[in-house]
Amino acid sequence: LPDQDERAAELSREQNEKTIRSTQTALRNFREFLISKYPSETREIYVIPCKELDAYLASFFVDARQKDGSEYEPNSLANYQCGLERYLKEHRYGYSITRDKEFKRSQEALKQKQIELRCKGKGNKPHKSMKLTFADELILRKRGLLSRYNPEGLLNLVWLNNTKAFGHCTGFHGSTLKWGDIRLRVTETGLEYLEWMGPDNGDVNAKSKRGGTDSRVYATQHSPQTCPVQDYKEYAQRRPPAMRYEDAPFYLSIKPVVNLAALHWYNGQALGKNKLAKMVKTMCEKGNIPGRKTNFSVYQSCSTLSEAQSNQLVLICNNLSQHRKSHSNTGNFIVSASYDSSSDTA
DNA sequence: AGCTAAGCAACCAGTACGCT
DNA sequence: AGCGTACTGGTTGCTTAGCT
């Protein structure tokens, strides 16, 4: 059946590696469950007749537990069903376990189990992230965690600017960002801007469609203290000269002991992906900001500030830079756990 | 038209371990 | 000691297809 062949080939070709991993996880958990509960069953699951497989699945949805013995989230069980469906489809199983009547029993079992779990208080998205508010950002700035004046703050600042500006662009991945992926340019009228050189920027069709305006941030000349282009320039200076080539990683690890008066604050080594994945979490923990904050929190925050908010931001940044000038005469600071430069609470 | 789910993709946490 | 990576388990995000 050429149709089926094509379909299967298409499926395996198109599938994302994470989808494949999801499928494997579902399969592994189901197999382990079968082995522990029905040791005599040794067949591959795609050769088990539908009636028996339906019974096994029903049993799985009802009795399966996490490694630590606790119940799954309702959505996780549904995901397992989807994963098993993908696997069975790959092996040309004759039925759909999510749709066909022959699997009514397991479908019902899953539904009931989900209801039961929700009654028990599950399914409330315990890991859902909260948005990073404007107030949070102000606190982070005050405490030096978003700042041009120390290595960690500067790295955070540039990361946040990039993520806000380009994070929504398709194909933008912070963890693989190269130095040359973001360019400093100037308009005909002399306004500076940063542009993300996305994978489709060479493509004529894509260009005519989007015009590239999606992937730019412009300098805010009226308030240089909060200008993302100025942040970028500062970061560029603080990187070691050897890391200025296009293919160099954009985000670099911080030198273990930094003299703040030294020009270069960063190593030639890329910042690891685990570190990048916890950017927001780390800065919020260090800034004592309550709530569950993750990188995703950035996407939930509003991208444009009200006039009042941006005025407030400018004031604070000016204030902090003044404050710093009056304290930086020794020029021999060593980075310590906290850069907090203000003790007032507002 | 509005809602739900299906399906894929991605994230977060934990762990183990390697390098300097 | 403090970085880094790789892998795994579990959960959530997001778009779209299907139902009522």
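Numbered from 1 within each chain, the chains take letters A, B, ... in sequence-line order. Everything numeric in this text was worked out from a predicted model, so none of it was measured.
Geometrically, Arg216(A) does not engage Trp196(A) in a cation-pi contact defined by less than 6.0 Å to the ring centre and at most 45° from the axis.
Between dC11(B) and Thr294(A), no contact under 4.0 Å exists linking OP1 or OP2 to a side-chain N or O. Within the structure, a side-chain polar atom (N or O) of Lys281(A) is placed less than 4.0 Å from OP1 or OP2 of dA13(B). Distances shorter than 4.0 Å separate none of the side-chain N or O atoms of Arg86(A) from OP1 or OP2 on dG7(B). Between Ser76(A) and the phosphate of dT11(C), there is a side-chain N or O to OP1/OP2 separation shorter than 4.0 Å. Taking side-chain N and O atoms only, Arg99(A) has no distance below 4.0 Å to OP1 or OP2 of dA17(C).
Taking atom NZ on Lys111(A) and atom C1' on dC19(C), their separation rounds to 12 Å, with Å as the unit. In this structure, Gln81(A) places its CD atom 11 Å from C1' of dG7(B), rounding to the nearest Å. Taking atom CG of Asn75(A) as the reference point, atom P of dT4(B) lies 13 Å away to the nearest angstrom. Counting to the nearest Å, the P atom of dC11(B) and the CE atom of Met279(A) are 15 Å from each other. Distance Leu88(A) CG to dG7(B) P: 12 Å, rounded to the nearest Å. Computed from coordinates, the Gln114(A) CD to dA6(B) P distance equals 8 Å when rounded to whole Å. Distance, Asn79(A) CG to dC11(B) P: 16 Å, rounded to whole Å. Rounded to an integer number of Å, the gap from Asn267(A) CG to dG2(C) C1' is 12 Å.
Contacts of Glu102(A) classified as side-chain contact (heavy atoms from CB on, under 4.5 Å), with partners at least two apart in sequence or in another chain: Cys50(A), Tyr95(A), Asp100(A). Partners of Asn295(A) by side-chain contact (heavy atoms from CB on, under 4.5 Å), not counting sequence neighbours, listed by chain and number: Trp159(A), Met279(A), Val280(A).
In this structure, Tyr266(A) has its ring center closer than 6.0 angstrom to the ring center of Tyr235(A).
A salt bridge is defined here as a Lys NZ or Arg NE, NH1 or NH2 lying under 4.0 Å from an Asp or Glu carboxylate O, and Glu32(A) with Arg28(A) fails to meet this definition.
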Go along nucleotides 3-9 of chain C 5' to 3' and tag each nucleotide: B for a protein heavy atom under 4.0 Å from its base, S when only backbone or sugar atoms are that close, - otherwise. SSBB-BB
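Counting only heavy atoms from C-beta on, Glu85(A) has its side chain closest to dG7(B) among dT12(C), dG7(B), dC12(B). Checking dG7(B), dG10(C), dC12(B) against the side-chain heavy atoms of Gln66(A) singles out dG10(C) as nearest.
Using a 4.5 Å cut-off between side-chain heavy atoms of Ile, Leu, Val, Met, Phe, Trp and Tyr, with links allowed through other members, Phe60(A) and Ile115(A) fall into different hydrophobic clusters. A continuous path of hydrophobic side-chain contacts links Leu252(A) to Tyr245(A) [ILVMFWY only; heavy atoms under 4.5 Å].
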